[in-house]
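For reference, the structure is listed below as structure tokens.
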Amino acid sequence: MGDDGGMSQAGGASGGRAGTAGPATPAKRGRTPSADVERELLAAAEAVLAREGPGGLTVRAVAAEAGIAPMGVYNRLGGKDGLVDELLIRGFDRLRATLEAALADTGEAGMRGRFVACGLSYRKFALENPHFYGIMFEQPTKRETDNPEVGEHADATFGALVRAVELAAAANVIAAPDPVEAAMQIWSAVHGAVTLELKGMVLSPDPQYTYRSLLDTLIRGLAPR
């Protein structure tokens, strides 16, 4: 979750002339720095999203959660669209970091193990952040096609999957003459699997086992001939 911004104070007490016991000037409370206000709003937005889902993500709800006037959301983030954009950026960055961390974990048994761990981390992110996953990949709140900056972060996340495919291919775990095409096929499969699980539509008794078996099937299907 985002950091809670602190409040700053400016000014201080000043007495009268030297040697004169004059009343102290009350300390004046400074304005909260813009960056801190944005952090508070985004932390509040995450809290609202996690508690109430995308449908509850309104300017009024976020402002109330942050203890800030609704106009602050418009002034700092441009309203709901800007708020959602910032959450999307956070979500894609976190998913990318999750994939990259799994891929870099040398504790896994070889490149195949790291490749599988990367796939498992995708499911883990989705299950632990269902509402984030929802706004990232489902309409009507998905906006990466509307905002180039959000699109850049989304593309970087897909790029992490492409990199995983390239490394797995280099280690002869899979064959991927076109890493982007292979990554798209893999993403289509794992996204479908976790979406079904999030909607409670997995009919097998052990969704985790089913998902792991899906990864094994994908690797066999992409294995070098």
Side-chain angles (χ1 to χ4, degrees), residues 1-14 24-101 121-160 191 194-200:
M1 305 296 283
D3 295 333
D4 291 329
M7 301 293 289
S8 65
Q9 292 187 344
S14 61
T25 302
K28 294 182 179 179
R29 191 179 184 83
R31 297 181 63 185
T32 304
S34 177
D36 288 347
V37 173
E38 291 184 14
R39 280 194 292 269
E40 290 174 1
L41 286 171
L42 289 172
E46 288 197 31
V48 171
L49 179 64
R51 185 175 65 242
E52 302 179 23
L57 193 63
T58 65
V59 168
R60 187 174 298 277
V62 171
E65 182 79 19
I68 294 173
M71 187 54 66
V73 180
Y74 292 97
N75 291 340
R76 306 298 182 182
L77 298 169
K80 182 176 177 178
D81 284 350
L83 191 65
V84 171
D85 286 345
E86 290 298 328
L87 288 177
L88 286 171
I89 288 171
R90 286 188 171 200
F92 284 119
D93 286 352
R94 289 176 188 176
L95 176 56
R96 186 185 75 245
T98 296
L99 298 176
E100 290 174 344
S121 71
Y122 184 93
R123 174 179 179 266
K124 185 173 185 288
F125 174 87
L127 297 184
E128 291 181 353
N129 304 276
H131 296 317
F132 248 128
Y133 193 82
I135 67 168
M136 289 162 64
F137 297 118
E138 296 180 10
Q139 294 289 358
T141 51
K142 184 169 82 65
R143 283 178 42 80
E144 64 265 27
T145 55
D146 301 330
N147 184 327
E149 184 181 4
V150 178
E152 290 174 4
H153 288 259
D155 290 345
T157 302
F158 182 67
H191 171 67
V194 299
T195 298
L196 287 173
E197 187 170 356
L198 287 171
K199 294 182 182 299

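All figures in this text were calculated on a predicted structure; none of them were measured in a lab. Starting from 1, each residue takes its place in the sequence as its number.
- Remark: Pro70 pairs with Val59, Ala63 by the side-chain contact (heavy atoms from CB on, under 4.5 Å) rule, at least two apart or across chains.
- Phe137 and Phe92 have perpendicular rings, their planes meeting at more than 60° on a 0 to 90° scale where under 30° would count as parallel.
- For Asp93, the side chain to side chain donor-acceptor pair (under 3.5 Å) partners are Arg96, His153, not counting sequence neighbours.
- Between Asn147 atom CG and Asp81 atom CG the span is 9.5 Å, to the nearest 0.5 Å.
- Between Ser121 and Leu99 the shortest heavy-atom distance is OG-CD2, 3.5 Å.
- Here the straight-line distance linking atom CD1 of Ile135 with atom CG of Leu49 works out to 5.0 Å at 0.5 Å rounding.
- The nearest pair of heavy atoms linking Glu38 to Arg76 is OE2-O, 3.6 Å.
- Distance check: Leu95 CG to Lys124 NZ gives 12.0 Å after rounding to the nearest 0.5 Å.
- Other residues, nucleotides and ligands contribute over 12 non-hydrogen atoms within 6.0 Å of the CZ atom of Phe158.
- The two atoms that bring Leu198 and Ala126 nearest to each other are CD2-O, 3.7 Å, heavy atoms only.
- Asp85 CG to Lys80 NZ: the interatomic distance, rounded to the nearest 0.5 Å, is 12.0 Å.
- Atoms CD1 and CG, on Ile89 and Leu42 in that order, are 9.5 Å from each other to the nearest 0.5 Å.
- Applying the salt bridge (Lys or Arg N to Asp or Glu O under 4.0 Å) test to Asp155 and every residue at least two apart in sequence or in another chain returns nothing.
- For Glu149, the salt bridge (Lys or Arg N to Asp or Glu O under 4.0 Å) criterion is met by no residue, not counting sequence neighbours.
- Residues satisfying the salt bridge (Lys or Arg N to Asp or Glu O under 4.0 Å) test with Glu197, not counting sequence neighbours, are Arg123.
- Separating the CD1 atom in Ile68 from the CG atom in Leu41 is a distance of 4.0 Å, to the nearest 0.5 Å.
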Could you list the donor-acceptor pairs under 3.5 angstrom formed between side-chain atoms of residues 51-58 and any protein atom two or more places apart in sequence or on another chain?
| from | atom 1 | to | atom 2 | distance (Å) |
| --- | --- | --- | --- | --- |
| Arg51 | NH1 | Glu65 | OE1 | 3.4 |
| Arg51 | NH2 | Glu65 | OE1 | 2.9 |
| Thr58 | OG1 | Ala61 | N | 3.0 |

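- With sequence neighbours excluded, no residue forms a ring pair (Phe, Tyr, Trp, His ring centres under 6.0 Å) with Phe125.
- Met136 approaches Leu88 most closely through the heavy-atom pair CA-CD2, 3.5 Å.
- The salt bridge (charged side-chain N to carboxylate O under 4.0 Å, His left out) contacts involving residues 55-64 comprise nothing, where partners must be two or more places apart or lie in separate chains.
- Partners of His131 under the side chain to side chain donor-acceptor pair (under 3.5 Å) rule, at least two apart in sequence or in another chain, do not exist in this structure.
- Across Tyr133 and Val194, no two heavy atoms sit closer than the pair OH-CG2, 3.2 Å.
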